[in-house]
Peer 1: 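Structure in structure tokens, see below.
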Amino acid sequence: MLRIADIKKDKKRIIAGLAKKRVENAREVIEDLLMLDEQRRHTQAELDSVLNESKTISKQIGALMKAGDREGAEQAKQQTGALKARSKSLQEQLRNIEEKLIRRLYNIPNAANEKVPEGATPEDNVVVLEHGAVPQLPEGALPHWELIEKYDIIDFELGNKITGAGFPVYKGKGAKLQRALINFFLHEAEKAGYLEIQPPVIINSDSGYGTGQLPDKEGQMYGIVDSDLYLIPTAEVPITNLYRNVIMKDEQLPVMNVGYTPCFRREAGSWGAHVRGLNRLHQFDKVEIVQIRKPEESYQALEEMCVYVEGLLEKLELPFRKVLLCGGDLGFTSAITYDMEVFSAAQNKWLEVSSISNFETYQANRLKLRYKTTEGKTELLHTLNGSALALPRIVAAILENNQSGEGIRVPEVLQPYTGFDAID
RNA sequence: AGAGGGUUGGCGGAGUGGUCGAACGCGGCGGUCUUGAAAACCGUUGUACCGAAAGGUACCGGGGGUUCGAAUCCCUCACCCUCUGCCA
């Protein structure tokens, strides 16, 4: 979340960043917050002085008792009654104010970075890079949901029986293709210097608050009955939270982690007729890269992460484009996000397969993730993450783009991982 | 799952109601000494909030309570260890 100190120091920029993100009445929201903080400080100061007074008397009572002056001690006790009542009520007030303050802070999104373009909807996103030729498909080319039936590699009906819509069952070469992609992505990340992490796929609410899924996206996560736990919507949550409440040493930075996990999303409200096949699922696999950087390095790191993901797509021979999200399309916690989209030829559609974001200090502030500067000051770090990559849409694009009368060609880089060169 | 024992500063470890934010040791930092280093000695060494500063307040696993006063007593939750049981 945003820091009051930063808001005070940089009010104009933050209001502009929130407005860009389409926060209504950004100025009022911020002014309100500052007023509330002012109240907090007043109450705190008053409380402190009352506590100080009563502590002083307590110490005197201690001294009197020691000296054997019981009467004096009893007398001094009389004085504390009023102070006690006063401090109780101030404490109550302070708690109320702080609760209000934190609730508001939790519900204010990150401010958009200066580089983020204005705009309200995905139509306002800016395509910054296109790569690869759109493939020419043969006559009678099929969308992936028909291909998977034809070659019997993914079964949605079976998934319906076991769980419900959006939980596909992968079979035979379909399952192997999944496993191959996961291994390929992990292997590439390792070569690029990322440390592999296998985190829990169930998180507690502290973790959810740490990275910002809570309270904002409570309805998008699957909760575990009779507990304070949730299924992860992305590996970002458990991996970034590894560093919650940590003051990093210089030699531990930068952090570069990669993790494969299944991801679980309710996708409430985003289901529709246009969402077919693998385009949107409740459970899917994803390899995620996470970086933790010093503030001055984070934008360089963001670029490097983009280049890394572009490399993966190139190796998979998929035509893609890189999109800079406009303010209105940015995620709650993100300061800036690039989406990578692959072209899915039979659907004639761009599919988002990666989202690469810099959260600046927004998550770090919630996480209390800090480092010591060379001057010995404790400062917040920047967190970043990106999908590298999300599997289902990659599978969709591979199936659609590589189809021919004889079957589906497996991209060359994947063949060592699949052990076969075609699905037929 | 049952019984018992624990959780104190970067680490180890005292402290069982009154100047305790916390002895002592280790580690870290600064200095003296040294050609340099080690050793020895001296000093310093948690985090957050308020304050221009002086200083104040909070924090001894989390939350609540008793008390003029809680690291210390009570309740509750979490986690760890040991033994018993069960299990991939």
Peer 1: Assign each of A:Arg95 and A:Ile247 to its nearest nucleotide of RNA chain B by heavy atoms, then name whichever residue's nucleotide is nearer the 5' end.
Peer 2: A:Ile247

Peer 1: Just do the salt bridge (Lys or Arg N to Asp or Glu O under 4.0 Å) check on A:Glu303 and A:Arg293 with the steps written out, would you?
Peer 2: CA-CA 13 Å; A:Glu303 290 311 314; A:Arg293 290 282 188 157; over 6 Å; no

Peer 1: Of all nucleotides in RNA chain B with an atom under 4.0 Å from a non-hydrogen atom of chain A, which is the first and which the last going 5' to 3'?
Peer 2: B:rG18 to B:rG69

Peer 1: Any chance you could lay out the side-chain contact (heavy atoms from CB on, under 4.5 Å) test for A:Arg265 and A:Phe284, step after step, and finish with the verdict?
Peer 2: CA-CA 9 Å; A:Arg265 298 186 183 179; A:Phe284 63 97; 3.8 Å; yes

Peer 1: Looking only at atom C1', what distance separates B:rC74 and B:rG17, rounded to whole Å?
Peer 2: 13 Å

Peer 1: Are A:Arg409 and A:Glu317 within salt-bridge range, i.e. N to O under 4.0 Å?
Peer 2: yes

Peer 1: So which nucleotide does B:rA48 pair with, by the Watson-Crick or G-U wobble rule with both distances under 3.5 Å?
Peer 2: B:rU57

Peer 1: Looking at A:Gln283 and A:Pro262, what are the two nearest heavy atoms and their distance?
Peer 2: NE2-CB, 4.1 Å

Peer 1: Hey, which sits more toward the 5' end of RNA chain B by its nearest nucleotide, A:Gln44 or A:Lys77?
Peer 2: A:Gln44

Peer 1: Using the P atom on both, measure B:rA48 against B:rA40 and round to a whole Å.
Peer 2: 33 Å

Peer 1: Can you tell me the pairing partner of B:rU16 across any strand shown, Watson-Crick or G-U wobble, with both distances under 3.5 angstrom?
Peer 2: none

Peer 1: When the C1' atoms of B:rC60 and B:rG21 are compared, how many Å lie between them, rounded to an integer?
Peer 2: 9 Å

Peer 1: Counting Watson-Crick and G-U wobble pairs only, both distances under 3.5 Å, name the nucleotide matched with B:rU35, or none.
Peer 2: none

Peer 1: Please identify each residue that fulfils side chain to side chain donor-acceptor pair (under 3.5 Å) with A:Thr261, with sequence neighbours left out.
Peer 2: none

Peer 1: Suppose you measure atom C1' in B:rC75 against the same atom in B:rC87; what distance do you get, rounded to whole Å?
Peer 2: 34 Å

Peer 1: Which atom names give the shortest non-hydrogen contact between A:Ile336 and A:Leu302, and what distance separates them?
Peer 2: CG2-CD2, 3.7 Å

Peer 1: Can a donor-acceptor pair be found, under 3.5 Å and without considering hydrogens, that links the side chain of A:Ser357 to the backbone of A:Phe359?
Peer 2: no

Peer 1: Provide the distance between the two P atoms, one in B:rG9 and one in B:rA23, to the nearest whole Å.
Peer 2: 12 Å

Peer 1: In whole angstrom, give me the gap between the P atoms of B:rG12 and B:rA1.
Peer 2: 29 Å

Peer 1: Pick base, sugar-phosphate or nothing for A:Ile61, based on heavy-atom distances below 4.0 Å to the nucleic acid.
Peer 2: base

Peer 1: Please measure how far the P atom in B:rG46 lies from the corresponding atom in B:rA39, and state the result in whole Å.
Peer 2: 23 Å

Peer 1: Taking any strand in view, what nucleotide pairs with B:rU66 in a Watson-Crick or G-U wobble way, both distances under 3.5 Å?
Peer 2: none

Peer 1: If I pick the P atom on B:rG55 and the same atom on B:rG65, what distance separates them, to the nearest angstrom?
Peer 2: 33 Å

Peer 1: Testing A:Leu384, A:Val258, A:Asn385, A:Leu389 for side chain to side chain contact (heavy atoms under 4.5 Å, CB included) with A:Ile289, which one passes?
Peer 2: A:Val258

Peer 1: My understanding is that a pair needs two contacts under 3.5 Å, Watson-Crick or G-U wobble. By that rule, which nucleotide pairs with B:rG43?
Peer 2: B:rC29

Peer 1: Just call it for A:Ser58: base, sugar-phosphate, or nothing, with non-hydrogen atoms closer than 4.0 Å on any strand.
Peer 2: base

Peer 1: Which base, if any, makes a Watson-Crick or G-U wobble pair with B:rC79, both distances under 3.5 Å?
Peer 2: B:rG6

